[in-house]
Amino acid sequence: ADAGVSFALARNVAHESEVQAVLDRAVAAGGRITTPPSVPPWGGLRGYFADPDGVAWEVAWNPRMIVDDRGRVAFTATK
């Protein structure tokens, strides 16, 4: 039964251009875009897709976030 809980898994990317690239790869693999890329109130860029099993994913780029070569995420200091 649906408990009214919704969530999305997230894929953080290191560069703004990667948001659309990941969404395009998701569609090529059988997913569907549910929300095209847009700028959230805090900046950056994000878009959403559903994978072939219907699981929701967010693809996000944040200009204050660093994603290293191993996929680890760190935030830069803000003023």
Side-chain angles (χ1 to χ4, degrees):
D2 180 17
V5 176
S6 61
F7 68 94
L9 299 171
R11 168 72 163 95
N12 294 299
V13 296
H15 305 283
E16 183 176 11
S17 62
E18 291 180 86
V19 173
Q20 187 63 55
V22 171
L23 292 172
D24 291 344
R25 285 195 305 270
V27 169
R32 65 181 172 80
I33 294 176
T34 57
T35 305
S38 63
V39 177
W42 52 87
L45 188 67
R46 67 177 175 195
Y48 292 85
F49 71 92
D51 68 21
D53 293 324
V55 176
W57 287 82
E58 174 189 39
V59 182
W61 168 74
N62 183 327
R64 292 181 299 272
M65 184 177 65
I66 298 166
V67 180
D68 72 15
D69 292 339
R70 295 178 63 188
R72 294 179 294 198
V73 176
F75 286 93
T76 60
T78 59
K79 294 181 179 183

How far apart are the closest heavy atoms of [X] and [Y], and which atoms are they?
X     : Y     : answer
Gly43 : Pro63 : C-CD, 4.4 Å
Arg64 : Trp42 : NH2-O, 3.1 Å
Val27 : Arg32 : CG2-CA, 4.4 Å
Val59 : Glu18 : CG1-O, 4.5 Å
Phe7  : Ala56 : O-CB, 3.8 Å
Arg46 : Val19 : C-CG1, 4.3 Å

* **Point-to-point distance, once rounded to the nearest 0.5 Å, from CD of Gln20 to CD1 of Ile33** => 5.5 Å
* Give, for atom CD1 of Ile66 and atom CZ of Arg72, the distance between the pair rounded to the nearest 0.5 Å. => 12.0 Å
* To do: Indicate yes or no: at least one non-hydrogen side-chain atom of Val55 is less than 4.5 angstrom from one of Leu9.
  => yes
* Is there a chain of hydrophobic side chains (I, L, V, M, F, W, Y, each step under 4.5 Å between heavy atoms) that links Val13 to Tyr48? -> no
* Asked: Taking the side chain from Asp51 and the backbone from Asp53, do they hold a donor-acceptor pair closer than 3.5 Å?
  -> yes
